[in-house]
Amino acid sequence: MNILITAGPTREPIDPVRFLTNRSSGKMGYAIAHGLIHAGHNVLLISGPTELDVPDYVDFVQVETAAEMHAAVSHHLGKMDIAIFVAAVADYTPAVVETHKIKKTGDRLTLELVRTPDILGSARSALGFQGTLVGFAAETENLEANAREKLTKKGCDLVIANDVSHTDIGFDSDHNEVLLVYPDHTDSLPSAPKTELGATLADLILDLHRAKTSD
Ligand code: PMT
């Protein structure tokens, strides 16, 4: 099977030396990639900047910005059976990227931000993807309700939700604990190392795809 995974953070440049980013390490997405490779599938990993080694046997596309990730996903999604969006994509990017380093002038500086493309949100609609679509939801409150809203709005088959208000799971941790939000029910997986959880999630997503395509 051909499977696309997005992982890691994006970096949105402000000027030649500064950017907006977040604490995603890429560990969760890379662990799922490892699980799927181990199960014998073709994995295309589209990743923002991380310190991780590129897993053996994946096709790898390195990106920096949300716009670059969107372009890479748009280019490859048509050939995929499954798409899994684990990346922590910036929702906003500076309206203008200054060509010179911004100088210290007044006491305050206002940065104007504009929306980035909603990559997961465009998969079904703009990109016409009909395969198995898995999103993630990083929430600090109302985990299940917010994840279920994303599931419906973005046409996902599954949203994997994590509570990122906890520092021992989620962003930049070696562990994660997730809710699995399906259209008709919700399950949970207890806290586990991301390396183990990646394999569990890979199996579970493959089962979901088999169930969907045997209908
Ligand atoms: O990388 P790690 O340190 O291992 O941490 C893992 C993680 C916490 C980043 C991961 O488990 C996780 O929660 N990933 C989703 C992070 C996120 O940005 O969630 P969100 O609720 O803001 O976005 C919802 C979904 O839309 C996600 O599938 C996201 O990839 C996608 N999205 C968001 C914005 C955007 N412009 N385009 C998108 O495709």
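Just so you know, these numbers use all the heavy atoms, side chains as well, and skip hydrogens, waters and symmetry mates. Whatever order the structure lists ligands and atoms in, that order sets their numbers, starting from 1.
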CD/Gln130: more than 12 non-hydrogen atoms of other groups inside 6.0 Å: no
Using a strict threshold of under 4.0 Å (side-chain N to carboxylate O), is an ion pair present between Arg124 and Asp157? yes
Side chain to side chain donor-acceptor pair (under 3.5 Å): pairs with one or both residues in residues 47-56, sequence neighbours excluded: Tyr30-Ser47, Tyr30-Thr50
Any idea which residues sit under 4.0 Å from ligand 1, heavy-atom distances? Ser24, Ser25, Gly26, Lys27, Met28, Phe85, Val86, Ala87, Ala88, Val89, Ala90, Asp91, Thr116, Pro117, Asp118, Ile119, Leu120, Gly135, Phe136, Ala137, Ala138, Lys150, Asn162, Gly170, Phe171, Asp172, Asn176, Lys194
With heavy-atom distances below 4.5 Å as the criterion, would you say the side chains of Lys194 and Asp174 are in contact? no
The salt bridge (Lys or Arg N to Asp or Glu O under 4.0 Å) partners of Lys150 (sequence neighbours excluded) come to Glu139
Check residues 176-190 and write down every donor-acceptor pair under 3.5 Å in which the side-chain atom is one partner and the other belongs to a residue at least two apart or another chain.
residue: Asn176; atom: OD1; partner: Gly170; partner atom: N; Å: 3.2
residue: Asn176; atom: ND2; partner: Asn162; partner atom: OD1; Å: 2.9
residue: Thr186; atom: OG1; partner: Glu144; partner atom: OE2; Å: 2.6
residue: Thr186; atom: OG1; partner: Arg148; partner atom: NH2; Å: 2.8

